[in-house]
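In what follows, a single structure is set out as structure tokens and then discussed.
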Amino acid sequence: MPTLTINGQEIEVEANTTVLQAAEELGIQIPRFCYHDRLSIAGNCRMCLVEMEGPPKPIASCAMPVGEGMVIHTNSEVAVKAQKGAMEFLLINHPLDCPICDQGGECDLQDQAVAFGRGDSRFTEHKRAVKDKYLGPLIATSMTRCITCTRCVRFATEIAGVEELGATFRGEETEIGNYIEEALTSELSGNLVDVCPVGALTNQAYAFNARPWELRKTESIDVHDAVGCNIRIDCRGAEVLRVLPRLHEDVNEEWLSDRSRYAVDGLARQRLDQPYVRLDGKLKPASWDAAFAAIKARMDGLDGGRMAAIAGDMADVEAMLALKELFTALGSANLDCRQDGAKIGGKHRGGYLFNTSIAGIEDADALLLVGVNPRWEATLVNARIRKRWLRGGLAIGVIGGVSGPGDDLTYKYDYLGAGPATLAEIANGSHAFAKVLADAERPMIVLGSGAVARDDGAAVLDLAHRVADQGGMITDEWNGFNILHRAASRVGGLDLGFLPGQGGRDVAGIVDGAGKGEIDLIWLLGADEIDMAGLGQAFVVYQGHHGDAGAHRADVILPGAAYTEKDATWVNTEGRVQLGRRAAYPPGEAREDWTILRAFSAVVDQPLPYDNLAQLRQHMVEAVPGLGAVDEVGPGEMGAFGVAGEVGGAPFESPVTDYYLANAICRASPVMAECSRLYLGGEEATGTDG
Amino acid sequence: MKRVPAPPDRQPDSFAFTAENVEAANQIIAKYPPRRQASAVMPLLDLAQRQHRNWLPQAAMNMVAEMLEMPRIRVYEVATFYTMYNLAPVGEHFVQICTTTPCWLRGSDDVVAACKNKLGIELGETTADGKFTVIEVECLGACVNAPMVQINDDYYEDLTAESTAAVLDALAKGERPKVGPQSERHASEPAGGPTTLHEFTQTDSRGEG
């Protein structure tokens, strides 16, 4: 461990640390543009020049590894002059358009020019101008502002795994772009806006909307997939203007997928902002009292066995708990939180969690993906797999879930087969990949949520469990058995036991029963992905925030809160309990979901035993103690799960057919509609589309 | 001078190597170790440009990327970085006039003027008949024979306004003028003949006797 001196302070750091990182450990700020701690080192902006005793010239601290006995000065005359010089060169071609630039107020160049630059410019010649590039509907470009730090190029190449950006031409004419004026084909492209240190790449959907200091920032949790990305919601008034990722090393690092970032315009459209009751076949606006009365009227005299409740993919734990307790009190055992009909859940938590944990992927040395396309089902889990793969020494096998061996997951894999037969071969050891798993020290299997939602899902689960057991995936230190969920509500619902009770029906049974007239009332908590046409004559209560499939079928609509509008708990696919916070109030008469259920419970004389969120949370933790352990994660308890049986021959297919339109919020978002049309509609993406 | 790629309507839809060039390309690729075939990108782009009337359409870059199993953008980066790849159509005779200091001191302004007069075009333009394109370039490394121009693969050196015009005339007639110095001297020997090693140069050491 070398020891070096920076500004008179001595510090001992790991070998291979750079001077800039060592200075950071001491709390000494060195200005930088091209250096980004998650990207490879380029060393091309020259902003981080510092003085090193010995060499005659200043050194680029971001690219200089520390050495024993080094003496560094970051604020000496030489260093300051070098930094001022670098800044002056950077500003030569940078337009002075901060007042009309969207990056203004959160611009690295602006901040560092004030801190490390000269007050004025000595450059009197013509400035360079660069034609703006088309990079798709999500990113606005203003390439004259580009300082060619190449952070975006390195992000696309290294993290996103799409080598589409580059630096073309040369010298003063160097341009950053993809040369071909086509949309980037990455679902992580929004992060380019974050890595860009200037206003060259900005958020198209947020363009010219607000200044950062006008925004109210709320730290919360994303619910567009089951990864549970940590986010910051920026609001002005009641409107969510943008969503940014928030650092969580074990979940999303500092990235966010495009759907989570750009679907927020859907929060202002298609909203259910007042109760509705269906009269004469048409939904009519109603008061809360009238809506509750209509439900009560239908419930009166109805046996609990003829009622059912289904929780949707974005439901929070508090609301599901309230709904479960309400229906249990009403005598109904027909509860299910698995809209897709997944054959999982039960007392063994290990049977439905991503036990390895997302950060744990980085320790794996063999990976089997079964019936899952992580790129579309859990984008940031996919990014983590790529991160691990880039380091080398990770054997990846894929069974189904992708469209074929040519499907791009941003890493190389062996396509082993399409259906459960291949999994069975691995389970009985006759497949070559079984040996790869057996030879690996920390192998893992990832079973997609679609693979267990098939008719033979229980048998597939059992088969995967056997593969895990026989592959030595489950030891005291390592649990390589994983289910990758795609619904933010799923693990929370399973933890709560929002499942059919004794003699109760599951989702398929409820829909079937409704069709046959055996179920008379169905309460949908944001559930839009079931077969609405099959519900027959059943009376449908839709409690949710968007006018989507469920609301169209509903007899009574109870307007709820979207994820940005409630203090609520979600549990991600790893079993990590995380708290979302309210960034804005629900629109109109809409209310937080648990309060709606609490109010209705009083109407039917079954009052739920909590009057505020604190009481509800206390009650929740008493019911399921694990829900009190916020942000903790560990492998779930293993045991017997799955049912040994015949597996079908049908290939595994990913349930995500359209990443950009996967839930009610996305389906209300014009930006997501544009992305879907562009990327999945089979239309050619060209500059003229922009 | 900023190089502007040909607009989409001038880009061919597809590009494929001829059978001989496929053979040549495979020989070039074979020079590099396995999985390092991307090293062959520059000679392959050159091969493509030579096959395609001295300019490199985007379709050719895409084809090279495919052949070398590298991302297209990495090929675009190379092709746009090096100025010797022409990104837009050029004339049959691609005249590159060196105007860097040594050539300029020796009269490259006259050479430029002679080209403009003779061909009726400005620097960076192509004649209407598509025969000639004239551009100005930085040092081509033949300062000892300044001023000079490069036309396609040939150097024409020791130029004057008259000899420049003569070279262009000959090319226009479809002839191939004598390559090298347009003055009396041989190669880059001193003007007026050798000044040292007389006895030595009397012998056949020059290869011509």
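In what follows, chains are A, B, ... by sequence order, proteins preceding strands, each numbered from 1. Side chains included, hydrogens not; waters and symmetry mates left out as well; all remaining heavy atoms used.
Listed here is the closest heavy atom pair of A:Ile180 and B:Gln58: CG2-NE2, 3.0 Å. Taking each heavy atom of A:Tyr179 and B:Thr80 in turn, the nearest pair found is CE1-CG2, 3.6 Å. For the pair B:Arg74 and A:Thr157, the tightest heavy-atom approach, listed with the atom from each and the gap, is NH1-OG1, 3.8 Å.
For A:Val162, no part sits under 4.5 Å from any heavy atom of chain B, backbone or side chain. For chain B, no part of A:Glu172 is nearby; none of its heavy atoms comes within less than 4.5 Å. When heavy atoms are compared at a cutoff of 4.5 Å, A:Glu163 approaches chain B by way of both its backbone and its side chain.
Environment of CD in B:Glu175: crowded, with over 12 heavy atoms of neighbouring residues, nucleotides or ligands closer than 6.0 Å. Heavy atoms of other residues, nucleotides or ligands lying less than 6.0 angstrom from CZ of B:Arg10 number 12 at most. Within 6.0 Å of CZ in B:Arg106 there are 12 or fewer heavy atoms belonging to other residues, nucleotides or ligands. In this structure, B:Asp13 places its CG atom where only 12 or fewer heavy-atom neighbours from other residues, nucleotides or ligands lie under 6.0 Å away. The number of heavy atoms from other shown groups lying within 6.0 Å of CZ (A:Arg391) is above 12. In this structure, B:Tyr155 places its OH atom where more than 12 heavy-atom neighbours from other residues, nucleotides or ligands lie under 6.0 Å away.
The structure places CZ of B:Arg3 at 7.5 Å from CZ of A:Arg170, a figure rounded to the nearest 0.5 Å. In this structure, CD on A:Glu173 lies 11.5 Å from CZ on B:Phe81, to the nearest 0.5 angstrom.
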